[in-house]
Amino acid sequence: MLTYSLATIIVLVIALIISMFRVLREYERAVVFLLGRFYEVKGPGLIIIIPIVQQMVRVDLRTIVLDVPTQDLITRDNVSVKVNAVVYFRVLDPKMAINNVENYLEATSQLSQTTLRSVLGQHELDELLSAREELNQDLQSILDMHTDNWGIKIANVEIKHVDLDDSMVRALARQAEAERARRAKVIHATGELEASKKLMEAAEVLNKAPNAVQLRYLQTLTEIANDRTSTIVFPLPIDLIDKVKSISTPLTKEPNGGDK
C-alpha cells in the first residue's frame with residue numbers, strides 16, 4: 001500500500017514538472033498571470049509556467065484576415081446598397097489585447113461592422129463606386145484609432161463588393177448612356193467650331209487672292225470628273241450672274257416717250 005501511494009506521488013510530481021514546460025512558436029506570445037494578476041509576457045521558445053500558481057493565455061501575432069459580413073446601408077443620396085469588406089489586423093501588444101478587451105477578435109469584428117455602416121452612409125453612391133481608395137483609408141484610420149487602446153494595429157481595409165438592386169442597375173445604365181450621348185454631342189460641336197474657324201481662315205486667304213478661287217473651281221471639276229457620275233455641277237461666279245441679270249432687264253419708258 002505504501003509503495004502504491006509513493007508511486008502515485010512520484011507520477012503526480014513528474015506530471016507537474018512536465019506541465020511546467022511550454023513551447024511557443026515564433027509567432028506566439030504567452031500572457032502570464034500570477035495568482036490572477038498580470039505578471040509578464042513570455043515567448044517565443046521554451047518557457048516555464050508554475051502550475052496552479054500561474055496561468056497563461058496564448059496570443060497569435062500573425063496578421064488576421066477578418067471578413068466583415070454584408071451590411072445593409074443607405075447612402076447620403078437615399079440609395080439602399082449592400083456592402084461587405086475585409087479587414088487585415090495584427091496584435092502589437094499582447095498585454096493590452098488580453099487585459100483591455102474581453103475578446104479582441106469579436107470586438108474588432110463588431111467595430112468594423114458598425115464603422116462600415118456609419119462611414120459609408122455619409123457618402124453618395126457615386127463616391128462609393130469610384131472613390132474606394134479614399135474610403136478605404138478613412139475606414140482604416142477610424143478603426144486604427146479605436147483599436148489602439150486594445151494593442152491592435154489595423155493594417156488595411158478593403159471594400160470588396162457593393163451590391164445594388166436591379167432597378168438601380170438599370171438607372172445607372174441609363175445615366176451612363178446619357179453621359180456618353182452628351183460627350184458625343186460636345187465632341188461634335190467642338191469639331192464644328194474648329195471647322196468653322198478653319199473655313200473662315202480659308203475664306204480670308206481666298207479673298208486676298210481672287211485667282212485662287214478659279215484654281216479651286218478647276219480642282220473641284222477634276223475631282224468630279226474622276227467619279228462615276230452622270231451629273232456635273234459647274235459653279236459660276238456671283239459677279240457673272242449679276243452681269244447677266246443686268247443685260248436681261250427690260251428697258252423702261254420715260255413719261256415723255258423716250259427710253260430710260
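For the numbers below, each heavy atom of this structure counts, side chains included, while hydrogens, waters and symmetry mates do not.
Checking each of V11, I10, L12, I17 against I14 for a side chain to side chain contact (heavy atoms under 4.5 Å, CB included) leaves exactly one that passes, namely I10. Between L116 and the choices L139, T70, V87, the side chain to side chain contact (heavy atoms under 4.5 Å, CB included) rule is met once, by L139.
In this structure, the side chains of V53 and L34 come closer than 4.5 Å at one or more pairs of heavy atoms. Side-chain contact check for T108 versus I64: every heavy-atom pair is 4.5 Å or farther apart. No side-chain heavy atom of N84 sits less than 4.5 Å from a side-chain heavy atom of V68.
Here the straight-line distance linking atom CD of E26 with atom CZ of R62 works out to 11.5 Å at 0.5 Å rounding. Rounding to the nearest 0.5 Å gives a distance of 13.5 Å between OH of Y39 and NZ of K95. Atom CZ of R183 sits about 13.0 Å away from atom OG1 of T190, to the nearest 0.5 Å. Atoms CD and NZ, on E201 and K197 in that order, are 9.0 Å from each other to the nearest 0.5 Å. To the nearest 0.5 Å, atom CG of residue N156 and atom CG of residue D144 are 11.5 Å apart.
Both V79 and L73 belong to a common hydrophobic cluster when Ile, Leu, Val, Met, Phe, Trp and Tyr are linked at side-chain heavy-atom distances under 4.5 angstrom. Hydrophobic clustering places L128 together with L143 (ILVMFWY residues linked when any side-chain heavy atoms are closer than 4.5 Å, directly or through intermediates). No single ILVMFWY cluster, assembled from side-chain heavy atoms under 4.5 Å apart, contains both I49 and V57. Connection of L129 to I74 is not established within any shared hydrophobic cluster, with ILVMFWY side chains joined at heavy-atom distances below 4.5 Å, either directly or through further cluster members. One hydrophobic cluster, built from ILVMFWY side chains closer than 4.5 Å, cannot hold both F38 and I47; they sit in different ones.
Looking at T115, its side chain never comes within 3.5 Å of a backbone N or O of S112 through a donor-acceptor pair. The backbone N or O of W150 lies less than 3.5 Å from no partner atom in the side chain of N100, so there is not a single donor-acceptor pair. E194 places no side-chain N or O within 3.5 Å of a backbone atom of E192 that could act as its donor or acceptor partner. At least one donor-acceptor pair under 3.5 Å links the side chain of Q55 to the backbone N or O of I52. Using a distance-only test at 3.5 Å, with no hydrogens or angles considered, no donor-acceptor pair links the side chain of D72 to the main chain of S80. Side-chain N or O atoms of K42 include one that pairs as donor or acceptor with a backbone N or O of I48 at under 3.5 Å. Without hydrogens or angle criteria, S19 side chain to L16 main chain gives a donor-acceptor distance under 3.5 Å.
A salt bridge links R182 with E179: the distance from a Lys NZ or Arg NE/NH1/NH2 to an Asp or Glu carboxylate oxygen falls below 4.0 Å.
In this structure, H123 places its NE2 atom where more than 12 heavy-atom neighbours from other residues, nucleotides or ligands lie under 6.0 Å away. Enclosure of atom CD in E40 by more than 12 non-hydrogen atoms of other residues, nucleotides or ligands within 6.0 angstrom is indicated. Around CZ of R132, the count of heavy atoms belonging to other residues, nucleotides or ligands within 6.0 Å exceeds 12. Other residues, nucleotides and ligands place more than 12 heavy atoms under 6.0 Å from the NZ atom of K160.
The shortest non-hydrogen separation linking L24 to G43 is CD1-CA, 3.8 Å. I154 and Q140 make their closest contact through O-NE2, 3.4 Å (heavy atoms, listed as atom of the first residue, atom of the second, distance). Closest approach of D148 and M96 over heavy atoms only: O-CE, 3.7 Å. Nearest approach of D77 to E124, heavy atoms of both residues: OD1-CA, 3.7 Å. Across F33 and I98, no two heavy atoms sit closer than the pair CZ-CG2, 4.0 Å. Counting all heavy atoms, side chain and backbone alike, L61 lies closest to V91 at CD2-O, 3.5 Å.
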Next item on the list: Step by step, work out the side chain to side chain contact (heavy atoms under 4.5 Å, CB included) result for L35 and R37.
Entry: CA-CA 6 Å; L35 297 177; R37 298 178 63 89; 5.9 Å; no

Notebook entry, point to check: Would L105 and F89 satisfy side chain to side chain contact (heavy atoms under 4.5 Å, CB included), going step by step from the backbone distance to the final call?
Noted result: CA-CA 10 Å; L105 184 60; F89 70 95; 3.7 Å; yes

Next item on the list: Tell me, with the steps shown, if V41 and V59 meet side chain to side chain contact (heavy atoms under 4.5 Å, CB included).
Entry: CA-CA 10 Å; V41 177; V59 179; over 6 Å; no

Next item on the list: Begin from the C-alpha positions of Q137 and E133 and carry the test side chain to side chain donor-acceptor pair (under 3.5 Å) through to its verdict.
Entry: CA-CA 6 Å; Q137 293 178 0; E133 292 296 332; 5.1 Å; no

